[in-house]
Amino acid sequence: MKIYFCDECNESIPLQDIKANKITIDGGKIYCQECAPKPVKVAPVGMRTWMVVAGMMLCLAMGMGIMAVWGDQLMRRGERQTMEQRVGDLESRLAGLDGDLGSRLGIIESDLVENPAPGGSVGKLARVVQAVDENAGAVRQLRNSMEAGIKEIRGEMTENAKALAAMRERFEAEFGRLDRALSENLVEDLQRLHSDQEGIADRLRLLEGRIGNVEALSSGLLRRSAETETAAAPDKGTPLSPEVEKTLDAKIEQLKSDKANERYAAAIWFMEVDPPIRTRKGEQALVDTLEDPSDYVVTAAIASLAEMGATWTIPHVIEKLKSENEFILDGAIEALEKLTGKNDLGIESGSDRGAILAKIRELQTWWRENRAKLEGA
């Protein structure tokens with residue numbers, strides 16, 4: 001069992017006191033019931049202070065009351081008049097002075113206006129005052145007139161500014177319209193010029209083709225080839241002689257030349273030979289030439305296929321109807337009229353694009369229906 005001792009008297013604390021909680025622990029020390037620190041009674045906080053504050057407020061109120069009742073006499077150190085009396089006295093004196101001054105001014109004005117002596121100083125002063133009044137009236141009238149004129153001028157300036165702004169807006173709108181119209185006309189002129197240039201370029205290409213044809217014909221190559229092969233040309237289905245076969249291969253190779261006039265001369269050769277030399281490889285070479293970059297070479301190849309009666313090439317010639325080149329289009333129309341046996345297709349190079357496309361679909365349908373009997377021809 002643990003025994004506790006009082007830190008004050010160093011005596012042991014009875015067990016019953018511990019159980020009855022009759023010990024005191026303060027600041028980490030243990031005290032028995034007799035040695036425990038006694039509580040100090042403290043008076044209510046602020047009682048005296050409140051009493052002092054209340055007394056001071058009472059004194060302050062009494063002082064203010066005394067000042068309100070007897071302050072004027074105390075501040076004036078026994079003067080007889082109060083502040084209100086002195087102010088009233090001053091107001092009375094000012095009223096008297098104002099009345100006296102008004103009377104004097106009335107007398108002076110009566111002397112100046114009603115009874116001036118013409119030759120005296122008063123009369124002269126009256127005339128000066130009258131002149132001054134008249135001048136002042138004239139000045140006021142002039143000022144009023146000027147203010148009215150200025151107001152009128154400002155109004156006119158405002159209206160003019162509005163009219164000028166409206167005119168500026170109309171000018172800007174008109175300039176904008178003219179600028180747009182000029183721009184649109186300029187664009188149309190440029191587009192027309194560009195179209196004309198393309199037409200001129202097409203004409204130049206045609207002329208180049210024609211010139212190439214003339215050059216080839218003038219050289220005598222076509223004529224000599226035709227004369228050479230006429231006697232040796234076999235009938236259809238007859239094997240070609242070695243000489244004709246050699247010439248045919250040379251013309252097929254010439255169709256691949258890098259010179260347009262030579263390709264044109266080779267394409268024309270197939271049409272000039274009498275009777276025509278009908279071989280699959282020759283006709284296929286002409287079909288390949290339909291994609292030549294020079295329109296007059298393409299036109300010559302189309303004419304040769306039509307002259308040779310190569311009906312199996314009809315689908316390839318129909319595709320040329322899609323070309324926008326009027327020379328190729330004219331050549332394809334003429335060739336199809338020969339190959340199909342139709343004397344008139346009902347279209348020309350200047351026809352509407354829709355009509356040409358409709359004719360292409362019609363010819364493609366016709367070819368599917370007649371292909372069996374024409375493809376082997």
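Because the structure is predicted, anything quoted here is derived from the model rather than measured. We're numbering straight along the sequence, starting at 1.
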(message) With clusters defined by side-chain heavy atoms of hydrophobic residues (ILVMFWY) lying less than 4.5 Å apart, directly or transitively, does Y31 cluster with F5?
(response) no

Without swapping roles, check the side chain of [X] against the backbone of [Y] for a donor-acceptor pair under 3.5 Å.
X	Y	value
S257	Q254	no
D7	I30	yes
K359	L345	yes
T279	G282	yes
T289	A285	yes

(message) Less than 4.0 angstrom from a charged side-chain N to a carboxylate O is my criterion; do D288 and K256 meet it?
(response) no

(request) Please determine, by modelled atom types, if E283 and W312 share a side-chain donor-acceptor pair under 3.5 angstrom. (result) yes

Hey, are the side chains of [X] and [Y] touching, using non-hydrogen atoms and a 4.5 Å cut-off?
X	Y	answer
K281	D249	yes
I268	M271	yes
E172	R168	yes
Y296	I328	no
K322	R353	yes
L305	I302	no
T247	I277	no
W367	T340	no

How many angstroms lie between [atom1] in [X] and [atom2] in [Y], if you round to the nearest 0.5 Å?
X	Y	atom1	atom2	value
T313	L290	OG1	CG	7.5 Å
I314	R371	CD1	CZ	11.5 Å
F327	S349	CZ	OG	8.5 Å
E307	L286	CD	CG	12.5 Å
L329	E334	CG	CD	12.0 Å
E8	C35	CD	SG	5.5 Å

(message) Within the supplied structure, the quantity of interest is the number of heavy atoms (other residues, nucleotides, ligands) at a distance under 6.0 Å from K246 NZ; does it exceed 12?
(response) no

(message) Before you tell me yes or no, could you show the steps for L321 and L357 under side chain to side chain contact (heavy atoms under 4.5 Å, CB included), namely the whole-Å CA-CA distance, both residues' side-chain angles and the distance that decides it to 0.1 Å?
(response) CA-CA 8 Å; L321 292 178; L357 294 176; over 6 Å; no

Which pair of non-hydrogen atoms, one from [X] and one from [Y], has the smallest distance, and what is that distance?
X	Y	answer
R278	G309	NH1-O, 3.7 Å
R263	L255	CD-O, 3.2 Å
I347	A355	CG2-O, 4.2 Å
A300	A267	CB-CB, 3.9 Å
S323	N325	OG-N, 3.1 Å
K251	A266	O-CB, 3.6 Å

(request) Verify side chain to side chain contact (heavy atoms under 4.5 Å, CB included) between E326 and E348, making sure each step is shown before the conclusion. (result) CA-CA 9 Å; E326 60 177 328; E348 55 185 17; over 6 Å; no

(request) Would you please test N343 and E337 for side chain to side chain contact (heavy atoms under 4.5 Å, CB included) and show each step? (result) CA-CA 5 Å; N343 295 328; E337 289 175 348; over 6 Å; no

